[in-house]
Structure formats: structure tokens, C-alpha cells
2 protein chains.
Amino acid sequence: MTEPKDYKIAAVDRALALLEALADRPDQGVTSLAKSLGMTKSLVFRLLHTLEERGFVSRDPERAEFSLGYRIGVLGERLGKDGALLYAARPVMDALRDQTSENVNLVVREGLKTYVLATRAGRHSIRLFAQAGRNGPLHAGGGSLLLLAYADPSVIDAALSQPLEAFTPYTITDRAKLRQALERIRANGYNIVLNDLDEGAFSVAAPITGADGTIIASISVAGAVARFDEERRESHLKAALDAAAEISERLSIHGPGENGLVKSRA
Amino acid sequence: MTEPKDYKIAAVDRALALLEALADRPDQGVTSLAKSLGMTKSLVFRLLHTLEERGFVSRDPERAEFSLGYRIGVLGERLGKDGALLYAARPVMDALRDQTSENVNLVVREGLKTYVLATRAGRHSIRLFAQAGRNGPLHAGGGSLLLLAYADPSVIDAALSQPLEAFTPYTITDRAKLRQALERIRANGYNIVLNDLDEGAFSVAAPITGADGTIIASISVAGAVARFDEERRESHLKAALDAAAEISERLSIHGPGENGLVKSRA
DNA sequence: AAACGATGTTTCACACAATAAAACATTGAG
DNA sequence: CTCAATGTTTTATTGTGTGAAACATCGTTT
């Protein structure tokens, strides 16, 4: 492989590595950090000094150990939980769309509704499906059902105590059957639906895990059932699960592995 | 003034400045950022490139504009709201303690209780008062009452519908009088109490404002009433208000002004 | 359609600033 | 009291961050 142009500026990259190390394990000293990152003490010292002046790291009153600083919190709050998820998902959604040529949706739950955080339009379907920013029901749609399945029991109860609108003849409105469906989703770790929200549409949804290990969103591949055969079922499912895993990893405190970005296209 | 040794490493500092600029105004392009920060386009480009590879900035799919990246969110979440507040307050609390020689307490509300996030022990009082991590009531104590005063009306109602323990003969347990007291706190913008939680103790509390403008915590100067005269009342109040303002500014999206750290000791 | 202007991208050479090594200061333990 | 480990400071050299300017790639205007 050819060298892909490296515009990275080393000092900055090292500083960011330092922040990651402190996020991973707080309350570390200069020596410890230098050792674990393969830097010299003096370098780490000066990096910390720079970061501290801007509040990106904070030192213990006892003047010994460092942790992430308040400014990280302020900036992080600025972008919000949805922002982090959205930006982490962006390149992965692009890749998933390219891989499947179908629509890709990123959905979160908000109370007893779902909310489409972002979408990618597949090559085919023109006027189809999800619009970013739109609310949807919890009891129909691939991603929605999946989110409901992993929601707190009290949320499930609340959702099931509402009237369940039938969007198509295939929408599950029977509460017992719905509970069964949720059970199966949890058992499978994914969800595949056909025609239950939009007639003629399929959806293959996988769960995204936040930094705390709970399921916070779903990513789904959706398109016209006409293009949905057994083979695509398998490939789309694998692609969705992989994408969900990748996003989840990005959102974990340890961050993405070696590969800085999404896997290279074959 | 003598030059205070500058260990700052320029590249890193500029990168952080870039992050701040993006937090201040998202969706900016290379040129815009370069102009507003007084950097060259090529530098900004490379900084952004470095930051992007680690997920600290994110670019629009349309390949034009940049914003803060998901990693900021992940790291920020890691430290939590309390962490940001705590670290922002740390040096200010130290300064306030040095200035007043009294105890300094940082208190937040959690439901119908208060929670001492951090303390600094004054020169005098040995075995006195607040312990970090301890819960306290909402209706007694300088910081607590102040937090109650600025809490949501529903919280006030809930707090007042509970039994109001009398910790000393001076504790306000009459609901009407308590509401009056809260009213006066809001009118003043601060709170001063004597003997209401601990016999023989005073407390001068000021409100801390979060990034969204709401009051999220209180910082207070506390000590023995024996040392509390009219002059100290004024000076402690001013010191507490200044400290609260300083912390609030740090927590604001625009960040602290020119002076990177706390004001120099006189 | 062609020319323009603005923006993002790339190249390149030089100065200065980031870096490593090593000396120094400070702290705590045995 | 000595020793070991840590944070801090200095210094010299090299490498790298930097600015200027060329280039590409748009979208807009005439």
C-alpha cells in the first residue's frame, strides 16, 4: 500500500493520545504516563502543562496526579449525547450504505417515541422512508421494536398500555404477540421486520451500545421487500451487526483500535 | 513581572484553541477558522486533520464544515457533570480558602438532598463542618437553602411537604417563613445564614451557573460565628460571589477570559 | 459557456520550537 | 540518614511545525 499522505502533526497527536490515556485511567502521574505511552518524562510534562492551562487536564490538589479537566466536560456537554453518537456513526453509516446500497437509519428512543437521528439514502429507493428528525412509534419498524425490546421494563409496560396503531395489516397490535416479538429480539440480538410500518419495506436493525454498556440506539438497513431475498437477508444482517459493533466500539472509553478510521474498502 | 517560564507547546495550544472555537461556533470551514484564529489555512487544515483522525472533530458529509467530534462527547461523559464542576472549581476554591482562611464548600442538589462535592479546610476550624461526599438537608445550611431557592417550584413544593427537622433552635421549620427566606435569597442573589444547621456556625453562599444558564451548585464560605463581624460579612460575601462568578465563567462555553488561571495572589 | 472568486488541498524550504537526555529538586520509605 | 522514585528544569540538536504560495475544485456570475 502506498503511503497515504500524513498530515498529522505529531505534537498534537501525542497530546490527544495523552487525553485518551487519562480517560482510560485517571489519576496518573508524569512517569506513569510517559512509560505507558512511550514518551519521555519531559515531553509528557510539557504536554500536561499545556493541556492544564486550557483546563483540558486537571491536577490533584496534592500536586501529584492528573485527570481529564473540566473543559472536556464543558465541550462534551455542548455536543450532547446525541451529537457524540451522531458523529461516531457518520462514517460508519456511509460505509454501510455503500456496502448495501440500501437506506440506512440511525434511531434513538425518546420517551415513548423514537427519533431518527440520521439517515443515508440508498441507491434505489427514491421517495422512501425515514426522514432525519422525525418521530416514530415504538411498536413498529425494525429499529423501533429493537429499542423497545432493550428498554426498561417500565417503558415497555407504558408503551404497551397505549393504543397500538396499525400502520399496515402486518403491524403487530396484539400485546401478547408483541411481547413475544420483543423476547425474540433480545434472544437474537437483532431484529428483522417486513411491512410492519411501511407496506413493501423491510428493515434489518442492530443494537448500538453506549460507553456504559446499555443499548442507546439502533442502526438499520431498510429497503423494498422486492429486493430482499435470503442471501441479502444474511449479508445485510451481518453488515448491520458489524456497523453497530463498530459504532459501539467508537463510543467505548477505549476508543477504536489500531485502524484510525473505517475499514478500507476492498 | 518576571516571565513565568512558558512550557506551553505551541502546536498543542493551537489545536486546543481550535477546539474551543468549534465549541463556540460549530460548522465552520478551514478559511473561517483560520481567519478568526489568526492562523494560516494550511496550519488549520493540518490541525483539523490531526484532530479528525482521533475523532475530536467531525466533518460534514458534504465535506465542507467541521464541528466537535464524538470523542469529545465520550471523554466528556466519562468525567460527568460533577467532574467538570469539581475540576473547574478546584483552583478557585483553593484561592477562596486562602483569601478568607475559612472553610469552603462546594454543594450540589440531588433530588431532595444536597451533596457536598468538595471542601477546603480553613486555617481555624479543626473538626468543623462539611465532609466531602456527605448528604445534607435542603432546608438548612447556607448553600442548601440557596440551591432550594433556585430549584424548580415542584422541587420546592416537594421539599416543603416533607417534615422539616430542626437541627438547632435557629433552623427555619415554619413553611411560610421558609418561603419568605427563599424569596429573599432570589432577590439578593446570595444567602447568608447563622446557626441554622450547626450551632455557632455561619455560612455565606453564592450561586454557580452552568453552561446553560441555570444554577447548578453553590459555593460557600463557612466558619465560626465568633469570627464573623460586619466587616468579614462584606468581604466574605464579595469573595464568595467572585468565586462563584469565576467558576461560572469557566463552565461557560466561551471559557475563561485572558487570564488562563486564577487571579494572582496579592 | 467561460471567467471568476472563494474554498479546500498540497507542496516546499527554512527557522524555530519540539524533543530527548541528563542534571536537579523534592518527596517519601526503609 | 540514605536511597529510590517522582516531578521539574536546563540545554543542544534535530526534526518538524510553520507560512507562503501554487494547485484543485467547486459554485456563482456575467
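What you see is a predicted model; the values in this text were computed from it and never measured. Lettering follows sequence order; numbering is per chain, from 1.
The stretch residues 22-35 of chain B touches DNA chain C through B:Gly29, B:Val30, B:Thr31, each having a heavy atom within less than 4.0 Å of the strand.
Distance CD (B:Glu65) to P (D:dG27): 13 Å, rounded to an integer number of Å. The interatomic distance linking B:Leu51 (CG) with D:dG17 (P) rounds to 13 Å, in whole Å. Taking atom CG of residue B:Leu43 and atom P of nucleotide C:dA18, one finds them 12 Å apart after rounding to whole Å. Between A:Arg14 atom CZ and D:dG15 atom P the separation is 13 Å, expressed in whole Å. Atom CG in B:Asp13 sits about 14 Å away from atom C1' in D:dG17, given to the nearest Å. Regarding A:Ile9, its CD1 atom lies at a distance of 9 Å from the C1' atom of D:dT18, rounded to whole Å. A:Leu37 has its CG atom 12 Å from the P atom of C:dA20, to the nearest Å. If you take NE2 of B:His49 and P of C:dT9, they are 10 Å apart, rounded to a whole angstrom.
Nucleotides of DNA chain D nearest to A:Ala11 and A:Phe45 differ in position, and the one nearer the 5' end is that of A:Phe45.
Using a 4.5 Å heavy-atom cutoff, the side chains of A:Leu75 and A:Leu79 are not in contact. Proximity of B:Leu106 to B:Leu85: side-chain heavy atoms (C-beta onward) are separated by under 4.5 Å at one or more points. Taking the side chain as every heavy atom from C-beta outward, A:Tyr70 and A:Ile72 never approach each other to under 4.5 Å. Side-chain contact between B:Phe56 and A:Glu20 is present, with at least one heavy-atom pair separated by less than 4.5 Å. The closest side-chain heavy-atom distance from B:Arg109 to B:Lys113 is not below 4.5 Å. The shortest distance between side-chain heavy atoms of B:Arg97 and B:Glu102 does not fall below 4.5 Å.
Between the side chains of A:Asp13 and B:Thr50, not a single donor N or O lies within less than 3.5 Å of an accepting N or O.
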Heavy atoms under 4.0 Å is the rule here; annotate nucleotides 21-30 of chain C 5' to 3' with B where the base is hit, S where only the sugar-phosphate is, and - elsewhere. B---------

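You'll find that the side chain of B:Arg59 is closest to C:dT9, out of D:dG19, C:dA18, C:dT9. Distances were taken from every side-chain heavy atom of B:Tyr7 (C-beta onward) to each of C:dT19, C:dT10, D:dT9; the shortest belongs to D:dT9.
Relative ring orientation between B:Phe202 and B:His236 is described as parallel, the plane-to-plane angle staying below 30° on a 0-90° scale split at 30° and 60°.
Considering all non-hydrogen atoms of both residues, A:Ala243 and A:Ile219 come closest at CB-CD1, 4.3 Å.
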